[in-house]
Protein chains: 2
Amino acid sequence: MATEDRRSRRTRSALRRALVDLVLERGYAAVTVEQVVERADVGRATFYTHFSDKQSLYDDLVAALLADLAARLEPGDTAGPGFTGRPVHALFEHAEAEEATYRMVLRGDGDGRALRSLTDALAGAALRVFEDRVADQGLAPRVDLRVLARAWVGEQLAVLTWWLAEAGRPLPRADVVGMLADLARHGRWWATGFGDDAPDAPAGTDSSAPLV
Amino acid sequence: MATEDRRSRRTRSALRRALVDLVLERGYAAVTVEQVVERADVGRATFYTHFSDKQSLYDDLVAALLADLAARLEPGDTAGPGFTGRPVHALFEHAEAEEATYRMVLRGDGDGRALRSLTDALAGAALRVFEDRVADQGLAPRVDLRVLARAWVGEQLAVLTWWLAEAGRPLPRADVVGMLADLARHGRWWATGFGDDAPDAPAGTDSSAPLV
DNA sequence: ACCAGTTATAGACACGCTGTCCAGGAAAGT
DNA sequence: ACTTTCCTGGACAGCGTGTCTATAACTGGT
């Protein structure tokens with residue numbers, strides 16, 4: 001009387017794992033349903049009793065991942081070993097735990113659908129937090145909060161992608177997360193090694209400040 | 001005696017435009033070569049004399065875009081109306097000029113290949129600039145420069161994506177670029193409205209600082 | 001241990017898109 | 001005008017898809 005027949009669970013999870021593996025090997029577009037069922041050791045007809053097509057399996061996978069992430073981002077949640085409750089930490093922890101799937105998503109496989117979902121979810125959450133904080137503490141934002149949310153999330157995901165999928169985790173997770181925190185607190189100018197007094201640009205036209 | 005036969009040029013550019021249009025309408029995966037040649041009003045056999053497949057046409061398109069962007073990022077270049085020579089400005093200007101193609105790339109169509117190329121190119125350039133600056137001015141970076149470069153580029157592209165492809169350019173370009181500059185100079189803390197004195201986290205364990 | 005209900009499977013089918021080839025007709029460049 | 005280059009429609013085999021069938025295997029509950 002468990003939620004599902006054991007055979008269904010086995011089949012579905014075998015298909016999910018096979019898809020992730022194959023996508024990481026060949027890229028989403030190059031993967032066929034035939035390859036997936038062969039890798040999962042499942043009959044082709046069986047595939048179609050569970051999913052309508054490749055996209056459907058992919059969406060299912062991503063939805064599960066996002067639901068799992070959302071649960072970890074819940075403020076009250078402190079389950080899991082070493083879970084800190086801080087969003088960026090939670091994201092990086094989750095990514096490390098589900099490395100294969102994250103690699104797939106962050107690479108943009110599936111025409112970027114999954115990556116967009118992830119970005120939207122995080123940016124939406126960030127925007128809500130910013131707005132609440134501004135309201136609660138009566139702050140006067142100096143930058144459009146929508147831009148702020150996107151920038152902050154873009155920063156996280158870009159670093160996460162580099163760290164997890166490209167460079168192969170060359171630094172401890174805590175260090176990378178700490179750098180993101182420092183960056184958020186002090187800005188890039190400070191991080192590069194300049195003094196705390198950031199040079200206010202001759203606001204308006206053409207200072208030829210490099211990279212800005 | 002121009003570099004190419006006029007017919008070739010016409011055909012190629014028709015195919016390029018057709019691909020971009022169709023991808024924006026239906027997504028890269030859903031576009032077929034047959035649809036492209038029909039939209040471009042070109043024989044199917046003709047397509048294959050120019051490109052080996054859909055991917056090839058796509059790659060050609062992206063390569064041209066990146067080459068164009070690289071030219072605009074050259075320090076010495078001051079061509080074009082209102083071109084400022086500042087990299088972020090140049091990127092946003094280019095994106096506005098080539099809006100359709102940028103939408104396609106930023107959305108991650110084509111399994112993210114193009115977006116990754118763009119990211120890598122910008123991150124590589126940023127890293128080089130950072131390293132040069134640190135060396136020239138004898139700075140002591142407070143954050144790993146590789147992380148810094150990825151974060152900075154991720155920030156730009158995330159904001160660009162939101163501004164160009166999702167929100168439909170709700171703010172003037174100069175404003176958005178200015179916000180990115182402010183953010184780089186002062187950090188998110190300052191941007192949210194807090195004072196200049198960023199609260200240094202009890203560096204190490206678990207301050208429950210939200211969103212960090 | 002058994003049984004009814006569910007799930008897995010192989011094989012066959014039509015269909016759509018791919019990538020290649022060819023022989024002609026059309027339009028460039030000089 | 002004339003040669004070279006490009007475009008074109010049609011035909012081809014090949015592959016992957018999504019659906020359907022009848023049969024076999026397994027499952028949870030009695």
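- For C:dT6, neither phosphate oxygen OP1 nor OP2 lies less than 4.0 angstrom from any side-chain nitrogen or oxygen of A:S8.
- Separating the CZ atom of B:R7 from the P atom of D:dC7 is a distance of 6 Å, rounded to the nearest angstrom.
- Between the side chain of A:R44 and the base of D:dG18, a donor-acceptor pair under 3.5 Å is found.
- Closest to the A:A45 side chain, of the nucleotides C:dG11, D:dC7, D:dT17, is C:dG11.
- If you take NE2 of B:H50 and P of C:dT20, they are 15 Å apart, rounded to a whole angstrom.
- Look at CZ on B:R26: it is 11 Å from P on C:dC17, rounded to the nearest Å.
- One interatomic measurement links the two molecules: CD of A:Q55 to P of D:dG18, which rounds to 11 Å at whole-angstrom precision.
- Contact of the A:R72 side chain with the A:E93 side chain is registered, since non-hydrogen atoms from C-beta on lie closer than 4.5 Å.
- The number of heavy atoms from other shown groups lying within 6.0 Å of CZ (A:R10) does not exceed 12.
- As judged by a 4.0 angstrom heavy-atom cut-off over every strand, A:R6 is placed among residues touching the sugar-phosphate backbone only.
- In this structure, the nucleotide among D:dT27, C:dG19, D:dT17 sitting nearest to the side chain of A:E34 is D:dT17.
- Counting heavy-atom neighbours within 6.0 Å of B:E38 CD, excluding the residue itself, gives a total of 12 or less.
- Atom CD in A:E38 sits about 13 Å away from atom P in D:dT17, given to the nearest Å.
- With C:dT7, C:dA10, D:dT8 as the choices, the nucleotide that has an atom nearest any side-chain atom of B:V42 turns out to be D:dT8.
- If you measure from atom CG of B:L15 to atom P of D:dC7, you get 9 Å, rounded to the nearest angstrom.
- Rounded to whole Å, the distance from CD on A:Q35 to P on D:dC15 is 13 Å.
- D:dT19 atom C1' lies 9 Å from atom OH of A:Y48, rounded to whole Å.
- Toward the 5' end of DNA chain D, the nearer of the two residues A:S52 and B:F47, judged by each one's closest nucleotide, is B:F47.
- Across all strands, B:T46 comes closer than 4.0 Å to base atoms (heavy-atom distances).
- Place B:K54 and A:G43 on DNA chain C by their nearest nucleotides, and A:G43 ends up nearer the 5' end.
- Because its NZ or CZ atom is both nearer than 6.0 Å to the ring centre of B:Y28 and within 45° of the ring axis, B:K54 counts as a cation-pi partner of that residue.
- The number of heavy atoms from other shown groups lying within 6.0 Å of CG (B:D136) is above 12.
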